[in-house]
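Remarks on the structure that follows.
So you know, we letter chains A, B, ... as the sequences are listed, proteins then strands, and number each from 1.
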Protein chains: 4
Amino acid sequence: MNIHSFSFFLFLKKKNKIMSKIDKREEIIKTAMELIAEQGFHGTPMALLSEKAGVGAGTIYRYFENKDVLIKELYNEIDKKFKAFLMENYPHERPVRECFFYIGKCIIEYFINKPLDFRYTEQFHNSPYGIEFRRNKLINLTGEDYFCRILFEKGREQQVIKTIPLVIFFDLAFAPIIWAVRDHILGFVTLDEDLKMQIVSSCWDSVKM
Amino acid sequence: MNIHSFSFFLFLKKKNKIMSKIDKREEIIKTAMELIAEQGFHGTPMALLSEKAGVGAGTIYRYFENKDVLIKELYNEIDKKFKAFLMENYPHERPVRECFFYIGKCIIEYFINKPLDFRYTEQFHNSPYGIEFRRNKLINLTGEDYFCRILFEKGREQQVIKTIPLVIFFDLAFAPIIWAVRDHILGFVTLDEDLKMQIVSSCWDSVKM
Amino acid sequence: MNIHSFSFFLFLKKKNKIMSKIDKREEIIKTAMELIAEQGFHGTPMALLSEKAGVGAGTIYRYFENKDVLIKELYNEIDKKFKAFLMENYPHERPVRECFFYIGKCIIEYFINKPLDFRYTEQFHNSPYGIEFRRNKLINLTGEDYFCRILFEKGREQQVIKTIPLVIFFDLAFAPIIWAVRDHILGFVTLDEDLKMQIVSSCWDSVKM
Amino acid sequence: MNIHSFSFFLFLKKKNKIMSKIDKREEIIKTAMELIAEQGFHGTPMALLSEKAGVGAGTIYRYFENKDVLIKELYNEIDKKFKAFLMENYPHERPVRECFFYIGKCIIEYFINKPLDFRYTEQFHNSPYGIEFRRNKLINLTGEDYFCRILFEKGREQQVIKTIPLVIFFDLAFAPIIWAVRDHILGFVTLDEDLKMQIVSSCWDSVKM
DNA sequence: GATGAATGAGCGTTCATTCAT
DNA sequence: CATGAATGAACGCTCATTCAT
C-alpha cells in the first residue's frame, strides 16, 4: 500500500460510488467547510459544492433541507466537536484561575489544529446567522458557555474576577485569544508555546481582580 | 427657511436631480453604507442602492468601477473619518498609558455614535476583502495603525508594555473593545461611562508590563 | 374482529409490506387519484405519491411505465367505473327521452358522490392528455359514448332530437350537467333532487325537437 | 418591399433591439399566449418564452413580477378584450331574448376568431388560478358577468327565464357554447352560421320559461 | 454626463427516473 | 420483486453590469 494505491482507492471512491450513506454526509460536510472557509458562503454555490464533494446536486438536499440549514448544521458540528474537546479534561474542581487557563489553552490548541473550523466559525459568527445564534446563546447558555458562566460566577463570588457584566467578561477573556488564533492562521504571527501562554495569561490579567 | 422648505429642497434633490457631482457620490456612499450595514453586501443589490440613493443604476458605475471597488472605497471612507477623529486631539506628547487610554476611549466613543460605520466595518473585515486588506495594513502601517505602532514601540522601549509581537499587542489591546462595542450595538450590554473606562483599563492591564 | 384489529391490519399493511401485487397497484391508483384531484398533476411528485401510498419510489415504475402512463391509466380506471355504473341499469328498451334522463341523472349522481373522480377527470380533460384522448374517442366511440351515439341516432330517426351533429348533441346534452356538478363540488350551488331534475330537463329541452 | 425585405426587418427587430418598451411587453404577452395555449403552463418554461419572444430572461420580470402574475395578467388581457367586444354593441334596451342571442353569438364569434385566446382561457379556468378567479367572480360580478346577471334578473322578473339559481343559468346558457367552440377549434366540428344559430337557440330553449 | 431598460450567466432548488442492494 | 438513495437536467428567478438614448 503506497501513495499510488491510495489515490486509486480515492478514484474508486469518487467514480464507482462506493461511498456509504454516512460517507456522503461526511463528504458534503467536509467539502462545504473547506469551500466556505476559503470562499465564504456566497463564494460557495451548491453546484460547486456538489461537484467537489463528488455527489449529485440533488443529493445535498437529501441530507440538508436547504443551504441555510446546511450552514447552521455545519456550525453545530464544529461547536459540538469543540465542546467535546473542551469538556474532555475540564478541571471542574480546580481553582478559577486554573480553569480559565485551561479554557484559553483549549481554544488556541483546538482551532490552531483545525484552521478550517476556525475560519468557518468566524464567517458564521459574522453573518445574519451569527447574530441570531448569539442572541439565543446569551439567553440559554449551554456547553462551554455554561462552563464559562459557572466559572464567571464562581470567580465573582471568590472575588478573583472583576465586577463586570458576563458579556464583558467574555469579551475580555476570549476576544484577544480568538484574534490571535486568526492572526496565526492567516500567517501574521506564529503562536509558539510561550506566546500562547503569554496571551492567555494577559487575558487573565484583564479579568482578574 | 423652515422644516417645510427643507423638505421641499430634499424633494427637489431626489426628483429634479439637481445633485452636483459631489452630492451624487456622497449620496451613493451614504446610502450604500446604510444598506450594507443593515442588510449585508449580498442583501444590497445595486438596483436597490441606486433607487434609494436617487440616482440611475448606471450612474454608480461612473463613480465606482464595480461593486467590489465601491465596497472597498466605502471602507476607506470610514477608516479615514475614524483616523481624523482619532488624530484630532491625539496626545502625542503624553505618556504611553495615557495615549493608550485615549485610543481606547476614542474607538468606543466613535463607533457607539456611528453604529452603521461599525457594522459596516465588521462586515468588511469579515470577508475576502477584509483579509486582503489586513495583509496590506500589516505590511504598510498608516494612520491610526501607525500611531499604534509608535505607541507600541515607545511602550516597549520604556518597558511599560509586555514583550510581545506587535500583532498580539493589537489583539490584546483592541479585540475586547471592539467586541464590547458590538455587544453594545446589538443590545447585549449597555456601555455607560464607568463600564467603558473599566474595559479600556482592563485592556491596559493585559498589555502593561 | 373490531375496529382495533382492523387498524392493526392497516398498520401491518403499511409498515410490514404485506400488500399483495394487486393491493399495491390499487393503493397507488387510489393515492394518486386523491393527490392529483386535490393538488393537480404538478402538485403531485412521484416521491410524495410513493410515500403516501406506502410503497417504494421505484415500485411505482413496476406498475406504470412512467408518470404519463400512470395519469392515463388513472383516467381509464375512472372511465371504466363510470361506464359500469351507467350501464348497470341502462334502460335500453325505453324511449329516447327516458334514456336521456337516465344518463343525465347518472352523471350527476355518480360524480357528486365521487368528487375526486370528478376533479381528476376535469384535470385530465384539460391537459395535453385530454385533447389526444378526445380525438381518439370521437373516432372510436365506446362504452357510454357508444350508448350516446346509439341514443342520438335513434332520437334522430324518431325525430325527437334536433338535426345537429353528434358532437354538438354531446355539448348541448352534457356540458351544462358537467358544469353544474363542478359548481356543486366547488360549493357555488347545492344540487338537490329538484334542481338535478331541472338541469337534466333543461338539457333535454335544448336537444329535443 | 417583398417577403425578403420584411424578413430582414424582423431580423433587425430581433437582433438590433429596436423594439420599444410597449413592443416588448406586447411581444411577451403574445408569445406567452401562443406557447401556453399550445403547450400549457408547465410546458412553457420562462426560458423558452424569453427565447421565443426575443428578449432576455430577466426582461420578462421587468414587466411581470413572476410567472403566476404573468399568467393572471394574460387572462385579464383576454377578458378585457372580450368584454370590450361584447359591450361594444350590446343591445341594452332590447328584450331579454335578443340580448341572450347577442351574447351567445358574441362568444362564438370572438373565440372562433381568436383560438389562442380561447385555449388560453380554457387552460386558465381549469387550474388553481381559475378556481380562485371564479370564486371572486361570483362574489363580485363585473363586465360581461354583470350584464348576464342583469339579464338573468330581468328575465326572471319578466318570467321569460326559468326559476333557477344564477350559477345554473350560466351553466345552461354558456357551457354548450363554450364546448362547441372548443370542438370547432380542435377540428371536431365546423361551426357555420346556421349551426352557430342553432346552438345559441338551443341554449335559449334550455333556459327559457 | 446621466439614465434605466435590457441582459444572461448563475443561483438555489425540485423531481421523474434509475439501479445497486 | 421491492426499495429508496442518488442523480442531474431543468426550473423560476436575481442582479451586476452594459449601452442606446
Counting the benzene-type ring for Trp, do D:Y75 and D:F133 have ring centres under 6.0 Å apart? yes
Just by distance, with hydrogens left out, do B:D68 and B:Y129 show a side-chain donor and acceptor under 3.5 Å apart? yes
Strictly below 4.0 Å: does B:Y63 bring a side-chain N or O up to OP1 or OP2 of E:dA2? yes
For a quick test of reading the model: is some side-chain N or O of C:R62 closer than 4.0 Å to OP1 or OP2 of F:dC1? no
For B:D23 and E:dA2, what is the distance between atoms CG and P respectively, to the nearest whole Å? 12 Å
Working to the nearest 0.5 angstrom, can you tell me the gap between D:N66 CG and D:K72 NZ? 8.0 Å
Kindly check if the number of other-residue, nucleotide or ligand heavy atoms within 6.0 Å of NZ (A:K81) is above 12? yes
Rounding to an integer number of Å, can you tell me how far C:E27 CD sits from F:dT3 C1'? 17 Å
Shortest non-hydrogen contact from B:K67 toward B:T44: NZ-O, 2.9 Å
Would you mind telling me which residue lines up with the more 5' stretch of DNA chain E, B:I60 or D:I60, judged by nearest nucleotide? B:I60
Could you check how far CG of C:L70 sits from C1' of E:dT17, rounded to whole Å? 13 Å
DNA chain F stem ranges, 3 or more consecutive Watson-Crick or G-U pairs under 3.5 angstrom: E:2-21 with F:2-21
Where along residues 122-130 of chain D does a heavy atom fall under 4.0 Å from DNA chain E? none
Tell me: CG of D:L35 to P of F:dC11, nearest whole Å? 12 Å
Whole angstroms only, please: what is the CZ-P distance between C:F64 and E:dT17? 13 Å
When B:L74 is tested against each of B:L70, B:I71, B:I78 for side chain to side chain contact (heavy atoms under 4.5 Å, CB included), which residue passes? B:L70
Do the side chains of C:K80 and C:N76 get nearer than 4.5 Å, heavy atoms only? no
Please tell me if the side chains of C:L116 and C:E38 come closer than 4.5 Å, counting only heavy atoms from C-beta onward. yes
Just wondering, do C:L35 and C:F41 contact through their side chains at under 4.5 Å, heavy atoms? no
Nucleotide F:dC11, atom P - distance to CG of D:L49 in whole Å: 12 Å
C:E51 atom CD is separated from F:dT3 atom P, nearest whole Å, by 14 Å
Within the sub-3.5 Å range, which N or O atoms of nucleotides 12-15 of chain F have a protein N or O partner, and how far apart are they?
| unit_1 | atom_1 | unit_2 | atom_2 | d |
| --- | --- | --- | --- | --- |
| F:dG12 | OP1 | D:K67 | NZ | 2.5 |
| F:dG12 | OP2 | D:M46 | N | 2.8 |
| F:dC13 | OP2 | D:Y61 | OH | 3.1 |
| F:dC13 | OP2 | D:K67 | N | 2.9 |

Distance, rounded to the nearest Å, where D:K24 contributes NZ and F:dT21 contributes C1': 13 Å
pair A:H125-B:N126: side-chain heavy atoms closer than 4.5 Å: no
If you measure from the Lys or Arg side-chain nitrogens to the Asp or Glu carboxylate oxygens, is any gap between D:R25 and D:E77 under 4.0 Å? yes
